[in-house]
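Please read the structure below before turning to the comments.
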Amino acid sequence: MHAVVLGNAVNNDGAAKVGFTASGVAGQAAVIANALATAGVDPRTVTYVEASATGSALGDPIEVEALTSVYGRGRADRQWCAIGSVKSNIGHLSQGAGVVGLIKTALALEHGLIPASLGYTAPNPAIDFTASPFYVNATLATWDAGDAPRRAAVSSFGIGGTNAHVVLQQPPARHDDAPRDGAVAQPPGAMSGVPREASQKLPPQPLGCTPRAQLLVLSARSAAARDAAVARLADHLAAAGAPDLADVAFTLRAGRAEHPHRAAVVATGAADAVTALRTPQRLLTAPATVTVPRVVLLFGDQAVPPVDPGLHPAEPVFAEAVDRCAAALGRTVPDLLADPLPGSFALGYATALLWRSWGLRPATMLGHGTGEYAAATLAGVFTLPAALRLVELHGRLQERLPTTPAFTVSASAATLAGLLPPEAAVVAVNGPASSVVTAPAEVFAQPLTDPATGRPIQARRLRADLPERGAVTAAMLDELAVAVAAAHPSAPAQPYLSCRTGQPVTPSDATDPAHWAGLLGEPVLFGPAVAVALAGGATQFLECGPGRQLAGLAQMQLPKGSPAPLHSLPAAGEPADAVTTCYTAAGRLWVQGLPVTVGGTGRRVPLPGYPYERSRHWIDPDPPVAAAAATGNSAEGAAAAQVARHEAPPDQLAGQATSPGPAVGLAAVWTALLGIEHLGPDDDFFAVGGTSLTAVQLVAQVRAAYGVRLSMRQIFDAPTLSAMAKTIEQRLPADRP
């Protein structure tokens, strides 16, 4: 923040002025008074005015008169307000002059210094500064406004009658009492059932704590420019006095346009960011492809929550969702997360809402087992309390079942159908050649043989035993179906895939209690559902909740060149923290072109600008053959030279007249004003670079050269070289040759 805009006003007094380029005291005074009234400040508190002054003999006195009529009204004191103009320092920038004056004044307010108006030695004789509130600031001055805040005003008065005046104030003082680098305090009790409103009253985390991870994003129109932006940011952060990394992340996110070639890093602190930006292995990039992948969210069941709860204090959306899940069941957050099925639901549901708050919109969703309840709830089938009660009931019913050893078997369900004994069962189809089988341990004591290939089938026992689905009774299915019916499920408002059917869920599926009861006793068809998702085109799988188990299962079916599945949270026991893991996934999605905007607050800070790649657009000299044709002294040689320079001969420039008339001289005037050497009779003054300002200069030079007064209307009506020359010729004085 460089300055605060307190008020502004714009008007147009063109209809009341004597000419198009004339200045008017009344219109300027009115817009100044309106801006001050909008700002609600005493003009006496404005101690600097950035004038629109162009150094003109007539316009500047009119502007000072208008300013004096407002700022000096009812006041006897004089010369208490500095006045200046950036035009004396850098020249007149035409349409850009006003905004440059605004930038200058905002920076002056921020730094407490008033730049000098260079080249000033004495005032315009028509301006009596001693009788006005103003004095010209001719040297760099310290801006001391006393106890009041520094205030300034900027004027911009354009040709044609548009007047603007803006009142500014210095930015508020920056308070650096917040944790540096976006570090977020985790108040005692934040994850132990203490109400959040109570925990927010606790003292903030002290400075010097471990800073929170930040996601830095950069983009450009080419890979070379992107790489240059990465290098420049690293150099900027490596310099002394590097800004807070949370402010850097916020500025890159909120203050930069997004381009196709992208890069991102996750870092904690400026030094770590420099290392990440300079380490290719940590820099997240992706080819700037035309096809942006579809996102499919994955939801697991019975996942063990990670030890690090970092997302809870760091991301309010995530925390609020987890807290609502705990409140819906009347449990504390730690108690909820320790329960495998409701805990998995809560973490998956909260993570999906966090992605949604960041702008991610999945093409579809897919749950594994009770993970389907999370997908259904996000799609609007169940209310959150109803879904949690169903998941909790599902867990209680599973606890009644006996457990049996479980194996991951490298074979399809069809292959295993004729090989497994009756006491074994396929409980999940995770891929074309990946199944989960429950069976007595002796079933796989010796490898089974694939009848099609004669090769042994690999089987690996899982660490945890699973409920025996064959023991599910009709009474258990009825109990779950009755509970689903009481929850009044609705048709889904957005698509998701069912792990019971392996197909997209239909409204009849979602509202049928038998469909949900089937999740308890039927095999999970996760692999077939993944195949359906991949049939929709380029797909990015994103696992919600802890770990990457489902991401690994989905990866088995990915076509070559597909983006690797991502996970949102670390698994239990992983060294990575939750914020870094989630932000890394967000960075990988963003570099692929997906609309992901990670939240977080910060301040705008100055950072390196866009690394523009210069392109040469200079017109090369004429070839030697054309130049040689111009060396002759004959009329034919001169005409050939003009043709080689793409110019028309003088008789053509003057219309069909026998003498050049004013056309050749007018062409010289255009060349001097516009810097263009090769002009044709049909060239338009405004099309080849003329503006209203250069048109004013054109009027003056035509009058000096020919004694002809051209109006702005005549220039607009006859803008080509030949038409303007004809207009001048028609208006030449009778005694003028």
Side-chain angles (χ1 to χ4, degrees), residues 1-10 35-36 38-43 45-50 81-82 84 86 96-115 137 140-156 164-184 204 207 211-212 214-219 229 232-233 236-237 239-258 269-270 273 316 597-610:
M1 187 183 297
H2 303 283
V4 178
V5 178
L6 298 180
N8 67 88
V10 178
L36 287 166
T38 302
V41 298
D42 182 352
T45 64
V46 177
T47 50
Y48 175 71
V49 170
E50 172 69 16
C81 182
V86 73
V99 73
V100 172
L102 182 70
I103 293 170
K104 166 197 169 181
T105 308
L107 292 174
L109 283 165
E110 180 184 17
H111 294 285
L113 296 170
I114 303 177
N137 187 69
L140 179 66
T142 300
W143 196 339
D144 185 7
D147 296 333
R150 294 187 292 273
R151 288 178 181 155
V154 182
S155 292
S156 183
H165 198 70
V166 180
V167 181
L168 304 175
Q169 182 172 290
Q170 72 181 82
R174 175 169 179 156
H175 300 289
D176 286 322
D177 53 358
R180 298 291 291 170
D181 286 322
V184 177
L207 298 181
R212 169 184 150 184
Q214 299 292 336
L215 174 62
L216 310 182
V217 295
L218 303 101
S219 68
R232 290 168 62 169
L233 180 61
H236 181 78
L237 296 179
D244 179 41
L245 199 63
D247 294 341
V248 174
F250 177 80
T251 303
L252 292 173
R253 180 172 66 250
R256 299 291 186 271
E258 294 185 350
T597 304
V598 174
T601 59
R603 301 179 177 93
R604 299 268 189 130
V605 292
L607 294 176
Y610 187 90

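- Between S219 and A257 the shortest heavy-atom distance is OG-O, 3.3 Å.
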Original post:
Under the side-chain contact (heavy atoms from CB on, under 4.5 Å) criterion, do L168 and V4 qualify, and how do the steps go?
Top reply: CA-CA 6 Å; L168 304 175; V4 178; over 6 Å; no
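- Between the T251 side chain and the R603 main chain, a donor and an acceptor come within less than 3.5 Å of each other.
- Of the inter-residue distances, the one linking I114 atom CD1 with L140 atom CG reads 9.0 Å to the nearest 0.5 angstrom.
- Side-chain contact check for P243 versus H236: some heavy-atom pair is nearer than 4.5 Å.
- For the pair A108 and P115, the tightest heavy-atom approach, listed with the atom from each and the gap, is CB-CD, 4.0 Å.
- The minimum heavy-atom distance between A35 and A9, with the atom names listed, is N-CB, 3.6 Å.
- You'll find the side chain of T105 stays beyond 4.5 Å of the side chain of V166, heavy atoms only.
- For the pair R253 (side chain) and G600 (backbone), a donor-acceptor distance under 3.5 Å is present.
- Exactly one of E110, R604, H111 qualifies for a side-chain hydrogen bond (donor to acceptor under 3.5 Å, both in side chains) with H2. That residue is E110.
- G609 approaches R232 most closely through the heavy-atom pair O-NH2, 3.5 Å.
- Nearest heavy-atom pair, A270 versus A242, reported as atom, atom and distance to 0.1 Å: CB-CB, 4.2 Å.
- Looking only at side-chain heavy atoms (C-beta outward), V167 and N8 stay at 4.5 Å or farther from each other.
- Side-chain contact between L113 and T142 is present, with heavy atoms from C-beta onward closer than 4.5 Å.
- By the 4.5 Å heavy-atom criterion applied to side chains, R256 and L607 are counted as neighbours.
- Nearest heavy-atom pair, A229 versus L218, reported as atom, atom and distance to 0.1 Å: O-CD2, 3.7 Å.
- Although no hydrogens or angles enter the test, the distance criterion places a donor-acceptor pair under 3.5 Å between the side chain of E50 and the main chain of V86.
- A side chain to side chain contact (heavy atoms under 4.5 Å, CB included) with Q214 holds for exactly one of V598, D247, L245; it is L245.
- W143 contributes atom CH2, which lies 9.5 Å from atom CG of N137 (distance to the nearest 0.5 angstrom).
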Original post:
Run the side-chain contact (heavy atoms from CB on, under 4.5 Å) check on L36 and V46 step by step: do they pass?
Top reply: CA-CA 10 Å; L36 287 166; V46 177; 4.2 Å; yes
